[in-house]
Number of protein chains: 2
Amino acid sequence: MARKPTGRRSTIYDIATAAETSASTVSLVLNGSWERYRIKKETAERILNTAKAKGYNTNLQARGLRLSRSSLVGMIIPHYRNRFFAGLAECFEAEARARGLTPIVVSTQRDAKTERSVVETMIAQQVECLIIAGVDDPDPLNVLCERATILCVNLDLPGEGAASVVTDNRAGAIELTTRLVSLVNGAGGDPARIRFVGGRQGEFATEERVAGFLAGLEQAGISAPKAEIERCGYRPGAARQAFERIAGEGPFPPGVFVNSITALEGFTAFLGSHRLAPPPVIACFDWDPFAAALPLPVIMLRQNVEALIAQSFAVVDSGVSERGRRIVVPPTLAVSPAVEADGEEAPSPPPGTNRKARKVDRDG
Amino acid sequence: MARKPTGRRSTIYDIATAAETSASTVSLVLNGSWERYRIKKETAERILNTAKAKGYNTNLQARGLRLSRSSLVGMIIPHYRNRFFAGLAECFEAEARARGLTPIVVSTQRDAKTERSVVETMIAQQVECLIIAGVDDPDPLNVLCERATILCVNLDLPGEGAASVVTDNRAGAIELTTRLVSLVNGAGGDPARIRFVGGRQGEFATEERVAGFLAGLEQAGISAPKAEIERCGYRPGAARQAFERIAGEGPFPPGVFVNSITALEGFTAFLGSHRLAPPPVIACFDWDPFAAALPLPVIMLRQNVEALIAQSFAVVDSGVSERGRRIVVPPTLAVSPAVEADGEEAPSPPPGTNRKARKVDRDG
DNA sequence: GTGAAAGCGCTAACAT
DNA sequence: ATGTTAGCGCTTTCAC
């Protein structure tokens, strides 16, 4: 069959002509299965050479069409603007590449319409699986995937339409609260005055963390009224106002449980106009290197993005995503220099945690 | 032609059978060109309905193969861990979606081998164009794209193998330096003692900013010796050490030009162990909301990610990416509350800047 | 107005 | 040991 080259990209037919052999032989050789098909080493080398010379590059759309396997894997996340989601994206990509798959990550800005249309596009592009991260209501997306018979996993915010991988928000919050109480005690403050600021009313992660916070206080022999919980949302400005309000109520609390990095950002803004001496102890359920470097006593809980992604791929690999199944991953503690200087011991690793040492090459 | 359904996804043939018509008619209708082909409204509606009922979803791999147009557009970036690259990724996605294209963003961790293999994979996936952001040496990648006849644009770090879109580092640094000098003067400090910290020796952006810094000082009637420039790299720890060194040399400088957010992170870490009163004025060529909220006098230069992406798409749209062409985009100034409180006026918008008001929905 | 047919680049079963 | 062939799902020209 005579084919004239479209544009300039060479196909296996071009290679076949140039190497004086057939397209199927070229295909076999290029896919490494030429040994199995006992193709002469000489022929194989000739093909490999001309392919290299012509700068041949497989057309994965054609291969995908033929094999009904695109080698595309998708993930949606709300955005890249904090370390948690940025980390999820990078880990997902690394894991996908390690498997010879092409990762497609798309941010959806927490907009349900965008989420839906992005998922539809990904399905149309024939992704082999989809990880749905940080979506408030993943159910309709899970339905979309199911109808297209593609496996999906909910990450961070769970849903009932597929398996979900989530951080152990409650246990993490208990641990964080316990340490916060102990630091406040150590500084001579009254732990009963500790406050909780940040997060969204009714949101899974927030409510779990509130529950953990209250449980942690109770374990320390402190009972706190619900009124003390300030679920002011995720905007820094709102958090700042919450802190202003708290400051207006009397002496500032000796410790605060800050839910999310944006709420902590609100706290630093608040600090700009209020000189607090001594500064309160901050426990933040979230992590950011800039915040961690602050000259403030702050302990942070960092979600284990590597484990979260590994577990998500494990579900996909297993071939089934049982509706409603929950896989829980513990977060890990990070302590600021300001706390370490105060004599806080290094945190002991939570049992069963994946503690791969990861050299993070920080750059601009 | 009889076809048995693979898996469960319906094809135009399934729709055709169910709607008692032919695959070509279904295709015409589904692509909206049925008016042009004067297909009966009744037929069209019947097809549309059965397509919806069957949850039909176009196979874009097949369409791409047929049309030699994948509707995929690619971008590579070093990582998502700062606001600049995160912003680039999000803008690129938004712009791509607005054009009905599927964005593929992949992070390459500043590793030349990864960069190369990711670009090869993207070419194999038939991306229609590629934006290469933050790559030290884009030349070999430009060659790869050229051989595959796909348009590419270098972003942030320029190269000679294609057109490049870059921030106006030099003019930005001059502006930043001028303001820094004026703030230092206003605080009664000696501007001749201002220092430059951060960045990588020989890197395009760093050298441009150093040149702008020196030019800015000169314009203010100050001549600074080259020895004062501390290109300590992008790791926060190295920056911190640089600050320790500077502190050891005598009274701390009244102002510092900090190149990159990681260097600023090093500065905050340094601040934890050194009480400086009054604090030095900080001018940072980079932007981060957390840093901007710090109770410190800091002015920041934010790269205009929207304009950078818009210009990159403009090159792609034009159909040619002239080797070596440079398109320059001015950055914009951001001033911390601590500076505003000191009576600093609001920055005037640089002329010709794309100043779309963008409501940034910050969340966790 | 609608259908038949060819072919995008690739793979794999089946011939030779 | 290698070539022939039949599609994967889609678009579009041409025929009826």
Side-chain angles (χ1 to χ4, degrees), chain A residues 1-17 19-47 51 54 56-71 123-126 128 148, chain B residues 1-17 19-47 51 54 56-71 123-126 128 148:
Chain A
M1 188 191 311
R3 300 195 181 208
K4 41 183 173 297
T6 343
R8 244 184 50 225
R9 247 119 135 180
S10 48
T11 72
I12 48 170
Y13 291 92
D14 301 332
I15 309 292
T17 307
E20 294 176 306
T21 176
S22 76
S24 49
T25 307
V26 174
S27 174
L28 256 18
V29 170
L30 259 25
N31 287 320
S33 42
W34 59 277
E35 280 274 291
R36 281 203 327 96
Y37 281 78
R38 342 175 239 178
I39 279 160
K40 251 193 294 187
K41 195 168 188 176
E42 190 190 280
T43 315
E45 274 168 0
R46 189 157 29 94
I47 288 172
K54 287 191 170 273
Y56 173 80
N57 205 308
T58 309
N59 182 330
L60 293 179
Q61 301 233 41
R63 171 186 288 172
L65 181 58
R66 179 62 239 243
L67 296 181
S68 301
R69 278 195 311 98
S70 64
S71 83
I123 292 174
Q125 293 286 0
Q126 312 296 110
E128 293 177 18
Chain B
M1 186 192 312
R3 300 193 179 208
K4 41 184 169 274
T6 343
R8 244 184 49 227
R9 248 118 134 180
S10 47
T11 72
I12 49 170
Y13 290 91
D14 302 331
I15 310 292
T17 307
E20 292 177 306
T21 177
S22 74
S24 44
T25 307
V26 172
S27 174
L28 258 18
V29 169
L30 258 26
N31 286 322
S33 42
W34 59 277
E35 281 273 291
R36 281 201 330 93
Y37 282 79
R38 325 174 258 181
I39 280 160
K40 253 193 295 186
K41 195 167 187 176
E42 189 191 280
T43 315
E45 275 168 359
R46 188 158 28 97
I47 289 172
K54 286 190 169 276
Y56 173 79
N57 206 309
T58 309
N59 182 329
L60 293 179
Q61 300 234 40
R63 172 185 288 172
L65 181 58
R66 178 63 239 245
L67 261 27
S68 300
R69 280 196 306 101
S70 64
S71 83
I123 292 174
Q125 293 285 359
Q126 312 295 111
E128 293 177 19

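Each chain gets a letter, A, B and so on, in the order its sequence line appears, and its residues count up from 1.
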Check nucleotides 14-16 of chain D for protein N or O atoms closer than 3.5 Å to its own N or O atoms and list the pairs.
none

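For the pair A:Arg63 CZ and D:dG9 P, the computed distance is 18 Å after rounding to whole Å. Note: CD1 (B:Ile39) to P (C:dG3) measures 9 Å, nearest angstrom. Following rounding to the nearest Å, A:Arg9 (CZ) and C:dC10 (P) show an atom-to-atom distance of 11 Å. We find that CZ of B:Arg46 is positioned 8 Å from P of C:dT2, with the value rounded to whole Å. Taking atom CG of A:Leu30 as the reference point, atom C1' of C:dC10 lies 11 Å away to the nearest angstrom. The distance from atom CG of A:Asn59 to atom P of C:dG7 is 18 Å, rounded to the nearest whole Å. Rounded to whole Å, atom P of D:dT11 lies 9 Å from atom CG of B:Leu60. Following rounding to the nearest Å, A:Asp14 (CG) and C:dG9 (C1') show an atom-to-atom distance of 10 Å.
In terms of polar N and O atoms assigned as donor or acceptor, the side chain of A:Ser24 comes within less than 3.5 Å of the base of D:dT4 in a complementary pairing. Side-chain atoms of A:Tyr13 stay outside donor-acceptor range of the base of C:dC8, with no qualifying N/O pair under 3.5 Å.
For the atom pair CD1 (B:Ile15) and CD1 (B:Ile47), the distance works out to 9.0 Å, reported to the nearest 0.5 Å. If you take NZ on A:Lys40 and CD on A:Glu45, they are separated by 12.0 Å, rounding to the nearest 0.5 Å.
Proximity of B:Asn31 to the phosphate of D:dT11: a side-chain N or O atom is located under 4.0 Å from OP1 or OP2. Look at A:Ser27 and you won't find any side-chain N or O under 4.0 angstrom from OP1 or OP2 of C:dG9. Under 4.0 angstrom from either OP1 or OP2 of D:dC8 there lies no side-chain N or O belonging to A:Ser68. For the pair B:Ser22 and C:dG3, the criterion of a side-chain N or O lying under 4.0 Å from OP1 or OP2 is met.
Toward the 5′ end of DNA chain C lies the nearest nucleotide of B:Ala44, the other residue of the pair B:Ala44 and B:Arg66 mapping further downstream. Sequence order on DNA chain C of the closest nucleotides to B:Leu67 and B:Arg38 puts B:Arg38 first from the 5' end.
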Output side-chain donor-acceptor pairs under 3.5 Å for residues 56-64 of chain A, partner residues at least two apart or in another chain, one line each.
from	atom 1	to	atom 2	distance (Å)
A:Asn59	OD1	A:Gln61	N	2.9
A:Asn59	OD1	A:Ala62	N	3.1
A:Arg63	NH2	A:Asn31	OD1	2.8

Practice item. For side chain to side chain contact (heavy atoms under 4.5 Å, CB included), just list the numbers for B:Val29 and B:Val26, CA-CA rounded to whole Å, side-chain angles, deciding distance to a tenth of an Å, and then say yes or no. Key: CA-CA 5 Å; B:Val29 169; B:Val26 172; 5.9 Å; no

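Closest contact between the side chain of A:Leu65 and the listed nucleotides C:dG9, D:dC10, C:dT11 involves C:dG9.
A donor-acceptor distance shorter than 3.5 angstrom exists from the side chain of A:Thr17 to the backbone of A:Tyr13, with no hydrogens or angles considered. When atom types are taken as modelled, the side chain of A:Gln126 and the backbone of A:Ser70 share no donor-acceptor pair closer than 3.5 angstrom.
Residues passing the side-chain hydrogen bond (donor to acceptor under 3.5 Å, both in side chains) test with A:Thr21, sequence neighbours excluded: none.
For the residue pair A:Thr25 / A:Ser22, a side-chain donor-acceptor distance below 3.5 Å is found, with atom types taken as modelled.
Residue contacts for B:Leu28: at a heavy-atom cut-off of 4.0 Å it reaches a base atom on one of the strands shown.
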